[in-house]
Amino acid sequence: MADHKAHGDGEHHIVPKRIYFIVFAALIVLTWVTAWISTVDLGAMNTVAALSIATFKASLVVLFFMHVFYGTRLTKLIVAAGVFWLILLLFITMIDIWTRTWMGVPGR
Amino acid sequence: MITATVPVRTEVNYLNNEHGLKSWLLTGDHKRIAVMYLIVVTVFFFLGGLYAAGIRLELTTPQGDLFDSNTYNKVFTMHGILMIFFFLIPSIPATLGNFLIPLMVGAKDLAFPKINLLSLYIYAVGALFTLFALISGGVDTGWTFYTPFSSSYSNGYVLAVGLGIFINGFSSILTGLNFIVTIHRMRAPGLTWFRLPLFVWGHYATSMIMILGTPVIAVTLFLLVLERGFHIGFFDPAYGGDPVLFQHMFWFYSHPAVYIMILPSMGVISEVISTFSSKKPFGYTFIAFSSVAIAVFGFLVWGHHMFVASQSTYAGLVFSILSYIVAIPSAIKVFNWTATMYNGRVRMNTPMLYAVGFIGLFTIGGLTGLFLASMGLDVHLTDTYFVVAHFHYVMVGGAILGYLAGIHFWWPKMFGVMYPEAPSKVSAWLVFLGFNLTFFPQFILGYMGMPRRYHVYPPEFQVLNVLSSAGASILGIGFLLPAIYLTWSLKYGKPAGPNPWGATTLEWTTSSPPPPDNFAVTPIVTREAYDYSDQEVKDIG
Amino acid sequence: MEPRSFQLLPDAASSIAVQVDSLYAFFVAVSAFFSLLVAFLIIFFAVKYRYRQGFIPAGINEDGHSVGGMVLEIVWSVIPLGISMIMFAWGASIYFTEARPPADATEIFVTGKQWMWKVQHMEGAREINELHVPVNRNIRLTMTSEDAIHDFSVPAFRTKADVLPGRYTTEWFRPIKVGAYHLFCAEYCGTKHSAMGGTVYVLSEADYADWLAKGSGEGSIAEQGQALFNQLGCGNCHPNAINNYNGRAPNLAGIYHTKVVLKDGSVTRVDEAYIRESVMYPQAKLVAGYDDIMPTFQGLVSEEGMIKLIEYVKSLSPRVGSASSAPPQPVTSSATEQKTGRPAVPAGKR
Amino acid sequence: MDSHGSVAVRHHFASAEQQKDAATIGMWTFLVTEVMFFGGLFLAYFVYRQAYPAAFAAASNKTDVLIGAFNTTVLICSSLTMALAVHYASIGKKNLLVLFLILTLLLGGAFLGVKTIEYHDKWVHHEIPGAHYECDGCADAVHTSLFFSLYFGMTGLHASHMIVGFVILVMLIFQAKKGKFTPEWYTPIEMFGLYWHFVDVVWIFLFPLLYLIDRTKSGGLF
Ligand code: HEA
Ligand code: HEA
Ligand code: CUA
Ligand SMILES: [Cu+2]
């Protein structure tokens, strides 16, 4: 196999249990933080805060529970591609939504 | 590409190693699965073609005399749906790709044989849903399912067809997944990325689109089904929704999907041109990377289907300019193929006839795509026969000619027999001429303003429509011939030998038809894919 | 319309048509060049380098990575890129012209429904599946649909635009040739999609004036809108005279094309879409300082009625930007007096 | 993905390592398709939330934050137990593996149970979009209904993933009990773990997006 050398995967890296518990604690705390922060009036920042916390939590799960942190380059690439294409889908469509009124002509 | 082993002609091959229906229906062998796909996909092609014949027959006169309007609408819708989702998207990947990728990478099978079989059955279930709808009365939404027509006004079987395509999507996803893993992890020792045949590169790019795009059409149709079946609103303005959002979601998949259709074909063409010019493809790396570039950039242009759909002008600008950018890799391919013939030893066997036909027709189809990508022109041309002509040029003139080139090229490998040369050349010419007669007039019709999906049309368009219908009957015969002589050759064809064309990729080093495990000994690759220096070039014309 | 004989190019009957045709000619030329080039090379190579026993062309095993190869690759990437950027820019500039109606355009309202086109002229005239317009005047269509998506397409004008339910879309043109032209519905909309068409008549100024004079006898759109406004009781809450505020609902006089501050602090422009939304979904974008007491009028107002209401609200504002055909006086309670004096061709128009 | 059979390397693979690698890549690729699958719904969500912020806030305030947060907690716990199950599989502690799989199953079941209660509640209150939809006290019923379309679309799709996971988990528990998994070969456990965590990740986004829009007026959490 051409590019096989870099694969720590085969020897399955054993993640110390401690890491799982730390991540777990962080996830629980952040869940309640995000619930609480939504009751504080931050204006538009409420949404930003909610999404940032969610993204951070999701990253923890992906990196540690799902072992991407210890994974191969290829795994990281695949994850990155998934995230990237999701952003493409959301962002490019929003270009339309955001600019619909710019022209000042209905429907253009 | 030379391997450590000189293949011996084995008597046991994948066709005769096991017998009985069960040995086919439960097989894990990618080659058998490919053959089963070949059969069903061909059935769907002719079914779709039958509908096309209906369209062309109806349109010979300006009035609606063959069908009523409702039926006509169902006819072109079923034509589009069958051709796109049940024929063209699976066509090359599921048949040739399935058969050849393991052979080309020197593996015994795809990474997940059971998932491969599963994808065939998922396809079958999706097809059954669609056939059910077809028999019970069809669907009249156009293959694009635009809301709110499809969700609130259509009188067809939208739910069944929607579910059929939804299910079918997973077949496509699993095929792509299998290819990606196989190409990453199953390559024979020594087979580096840049020693891979271009066909494999094409399929890698195709698989990326299948993986990343197909789920979006699946969820879109899922929401459509919820809206139509359960009045859970998503797109219909009556429910507060935005119908243009549906179009975004639909084209996010369906534009890249046109590259699912063309990229495998381009892969075939690269192989065929190289083999029949006995020359390494000109600009191998450029062809390889242009496939990936098409796959990636192909995701950024979907809004060019929506220039008049009340999408914002600024979004339109972005989509328009990106559409031009994504045309460049296609241009690179066309020029590299042409340059490959330069200074070669060119043989005009049937696969090569189809391949050069592909280059010509794809070029016209692609260039007319540029007309449509121009916002100012698209306003006039969209939803006219110009679009119909454009996409038949790329899909029939491009993708299907590539498919036929591939079938004719690998037929000896797949079944170990040669087909008769004369009728195959006749059919290639019939297809080429019939095709142009059918679809060239439609460019003119389109610029004249004849809208697509029109059952009745103003009389001044009749002459060109009659020409088009005449062409379609020639085209139909051109397509029918291969079905006949290829089937004939299975029984009466001359044995082909492992490498009838003097080709260099790995699949030609094993016997024809290949043994169940593909290679007697796992090949070890020490060279690039296209090294003709010690190939003896023979004239098989 | 009398059937025309066979032809290969459509009539060019609008100002934009000429521009679109030149752009088209450019595309055809570029395409012909590249198609013929590729076809020629393929045939030439196929003959010149055809397989012959024992013949091996010199340098057959040179690969594409040689310096010459690299130069070629760059050449045939950059040249198409350059050409296609011209295609893009030219097409985009024409599109911008097509997208932005001139300020002096005469506004006409179009409602699509399965399977017919309903047209309302400012002055009150109405027609179905036909559109009468004066030659050499800029015409702006404001369109909406009652059901599926349709598309108002006039090939002789080289223009079209989708017509969607629940929102307004715009299309404009300047007819330059008197005549009768096809009107098609170009977006698939169901069974009789192909029958959802008609004819656009481009008339001379004089003929157009005659045609308009036949009118509908119902008064201008704005007047019809005012009648509807009263009938629905909108005026019970909404003041419609300048400087009259009641705290219950925003004053509509002068509101069109202004910016209003919404409850959530954001700012929105009062345009057709906003007025429509405020009638159909009053709570969606509430103006700051008002309670959500307004009921929805969904189902009570047809799309044509909606157009009348909007036109009425617009008539309450001094003409901003658009000198539409209707006389710019606000239609107040005394508007009836003006009814008879309606000029067939608006003043200040020529 | 290749969750069949035994420790043995299936015949078309050259080595156990290649086989496991293939499974891992396959699973991740599959998860990417899942991302895009949910992505369509997220897109619809963002588009409509952008267009109708007030209606979305009003509708979101009709969901129960406490239940949502509780369920989030449950799911995170199940992710932890799943991670531990994979951990014990990799070091060959069969009984602990089975224990943690069962815990995961129970937590998953708890999540689904709570979800059912929530759905039932919505049903009782006519908050399911369609002919019977009603929205007390919210004026813009059309667009609050759109929120609930998305709510049910997203949580429904998520729940269906949970149910699929639940079924697979039951099968894995039986296999684990039989001692099918060894430190050399526990690929199905590992792959299933990836799936389960992925479902968790989706929920991590659903929770704030569906439950927590503009809660500032609801006066604190409790
Ligand atoms: C196999 C399928 C396939 C392929 C490959 C393409 C390729 C392209 N398509 Fe096409 N298209 C369809 C299938 C396909 N299309 C279908 C099915 C529809 C209609 C769907 C429906 O509405 O039902 C459609 C519709 C469609 C539209 C929307 C029309 C409308 O509805 O208004 C547009 C608009 O931009 C477009 C553009 C393009 C472009 C720019 C390319 C490019 O990728 C083409 C690139 C190729 C070349 C450019 C040729 C080779 C280049 C040269 C020889 C060099 C010279 C080049 C330059 C000077 C740049 N296509
Ligand atoms: C892979 C895709 C594919 C393929 C291969 C074809 C193949 C053909 N298509 Fe199709 N077509 C589409 C995809 C495809 N089409 C799509 C997506 C649409 C849009 C649908 C929509 O608007 O929703 C469309 C729409 C479409 C229209 C426009 C309908 C309309 O807008 O009203 C027309 C009209 O001429 C047409 C014609 C044809 C013809 C003549 C062929 C021929 O190439 C077919 C030739 C094959 C046969 C004829 C069958 C085999 C032969 C026999 C069984 C022998 C007996 C028959 C005879 C002798 C006639 N197609
Ligand atoms: Cu209305 Cu087509
Ligand atoms: Cu496209």
Side-chain angles (χ1 to χ4, degrees), chain B residues 69-70 73 142 146 148-149 153 237 243 279-280 282-284 286 308-310 313 317 320-321 324 327-328 331-332 334-335 338 341-348 356 359-360 363-364 367 370-371 374-377 379-380 383 444 448-449 451 453-460 463 533 537 539, chain C residues 3-4 6-8 10 20 23-24 27 31 34-35 38-39 41-42 45-46 49-51 57 59-61 63-64 69 73 76-77 80-81 84 87-88 91-92 94-95 98-99 147-149 151 153 155 158-162 164-166 169 182 184 186-195:
Chain B
S69 291
N70 212 8
N73 296 342
Y146 275 14
F149 179 75
Y153 300 97
K279 195 162 152 261
K280 179 178 161 49
F282 194 87
Y284 170 96
F286 286 89
V308 300
S310 91
T313 301
L317 282 176
S320 173
I321 195 165
Y324 285 107
I328 303 304
I332 292 177
V334 167
F335 293 128
T338 313
M341 290 171 72
Y342 169 77
N343 228 346
R345 283 164 289 178
V346 181
R347 291 162 294 161
M348 277 293 162
V356 295
I359 300 182
T363 299
I364 297 178
L367 286 165
L370 301 180
F371 288 55
S374 154
M375 301 167 81
L377 271 181
V379 169
H380 176 53
D383 286 320
I444 303 168
M448 295 276 295
R453 297 169 171 173
Y454 258 35
H455 176 224
V456 292
Y457 57 85
E460 67 258 33
V463 177
S533 53
V537 180
D539 189 11
Chain C
R4 277 187 218 85
F6 181 69
Q7 55 186 125
L8 290 178
V20 173
L23 179 59
Y24 183 66
F27 271 85
S31 301
F34 279 105
S35 311
V38 169
L41 287 177
I42 287 179
F45 291 161
Y49 301 109
R50 70 187 177 279
Y51 170 77
I60 181 146
N61 279 319
D63 62 9
E73 300 287 351
W76 64 46
S77 315
L81 184 66
S84 63
M87 293 171 156
F88 162 72
I94 290 188
Y95 184 87
E98 285 171 327
D147 36 50
I149 302 178
D151 186 299
S153 160
R158 308 289 186 276
T159 187
K160 63 164 77 75
D162 276 9
L164 286 87
T169 56
H182 284 300
F184 294 125
E187 183 64 60
Y188 177 69
C189 56
T191 308
K192 291 201 184 143
H193 162 62
S194 67

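So you know, we letter chains A, B, ... as the sequences are listed, proteins then strands, and number each from 1. Quick caveat, the model's predicted, so the values are computed rather than measured.
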**OP:** Would you name the heavy atoms of Tyr324(B) and Ser84(C) that are closest together and state the gap between them?
**Re:** CD2-CB, 3.4 Å
Subject >> Residue pair Asp147(C) / Pro148(B), side-chain heavy-atom distance below 4.5 Å >> reply: no
Original post:
Is the closest side-chain heavy-atom distance between Asp383(B) and Phe184(C) below 4.5 Å?
Top reply: no
**OP:** Check whether the side chains of Tyr188(C) and Asn73(B) place a donor and an acceptor atom closer than 3.5 Å, and report yes or no.
**Re:** yes
**OP:** Provide the closest heavy-atom pair for Val38(C) versus Phe335(B) in the form atom of the first, atom of the second, distance.
**Re:** CG2-CE2, 4.2 Å
Original post:
Who wins among Thr169(C), Ile42(C), Leu41(C) for the most heavy-atom pairs under 4.5 Å with chain B?
Top reply: Ile42(C)
Original post:
Who pairs with Ser320(B) by side chain to side chain donor-acceptor pair (under 3.5 Å), at least two apart in sequence or on another chain?
Top reply: none
Original post:
So which part of Ile328(B) gets closer than 4.5 Å to some heavy atom of chain C, the side chain, the backbone, both or neither?
Top reply: side chain
**OP:** Give the minimum heavy-atom separation between Phe149(B) and Cys189(C), together with the two atoms involved.
**Re:** CE1-O, 3.4 Å
Subject >> Structural part of Tyr146(B) lying under 4.5 Å from a heavy atom of chain C >> reply: side chain
**OP:** Could you pull out the closest heavy-atom pair between Glu73(C) and Gly283(B), with the gap in Å?
**Re:** OE2-CA, 3.4 Å
Original post:
Do Arg453(B) and Ser194(C) come close enough that some side-chain heavy atom pair is under 4.5 Å?
Top reply: no
Subject >> Heavy-atom contact with chain C under 4.5 Å, split by part of Val334(B) >> reply: side chain
Original post:
Atom CD1 of Ile321(B) and atom CE of Met87(C): how far apart are they, to the nearest 0.5 Å?
Top reply: 13.5 Å
Original post:
Phe88(C) versus Ser374(B): any side-chain heavy-atom pair under 4.5 Å?
Top reply: no
**OP:** Under 4.5 Å, counting heavy-atom pairs only, tell me which of Ile359(B), Thr363(B), Val456(B) racks up the most with chain C.
**Re:** Val456(B)
Original post:
Can you name the side-chain contact (heavy atoms from CB on, under 4.5 Å) partners of Ala99(C), sequence neighbours left out?
Top reply: Met103(A), Arg108(A), Thr313(B), Tyr95(C)
Subject >> Interchain contact, Ser153(C) with chain B, by part (heavy-atom threshold 4.5 Å) >> reply: neither
**OP:** Tell me, out of Ala161(C), Ala39(C), Ser77(C), who's got the most heavy-atom pairs with chain B below 4.5 Å.
**Re:** Ser77(C)
**OP:** Can you see which heavy atom on Leu377(B) is nearest to which on Tyr24(C), and at what distance?
**Re:** CD2-CB, 4.0 Å
**OP:** Go through the atoms of Leu164(C) and report whether side chain, backbone, both or neither lie under 4.5 Å from a heavy atom of chain B.
**Re:** side chain
Original post:
Looking only at heavy atoms, which two atoms of Ala309(B) and Asp162(C) are closest? And how far apart?
Top reply: CA-OD2, 3.4 Å
Subject >> Under 4.5 Å from a heavy atom of chain C, the part of Met348(B) involved >> reply: side chain
Original post:
So Tyr49(C) and Tyr342(B), would you call those rings parallel, tilted or perpendicular, with 30° and 60° as cut-offs?
Top reply: perpendicular
Subject >> Part of Tyr153(B) lying under 4.5 Å from any heavy atom of chain C >> reply: side chain
**OP:** Check the side chains of Glu98(C) and His380(B) for a donor-acceptor pair under 3.5 angstrom, ignoring hydrogens and angles.
**Re:** no
**OP:** With the side chain counted from C-beta on, respond yes when Leu370(B) and Ser31(C) share a heavy-atom pair under 4.5 Å apart, and no when they do not.
**Re:** no
Subject >> Any side-chain heavy-atom pair of Met375(B) and Ile94(C) under 4.5 Å >> reply: no
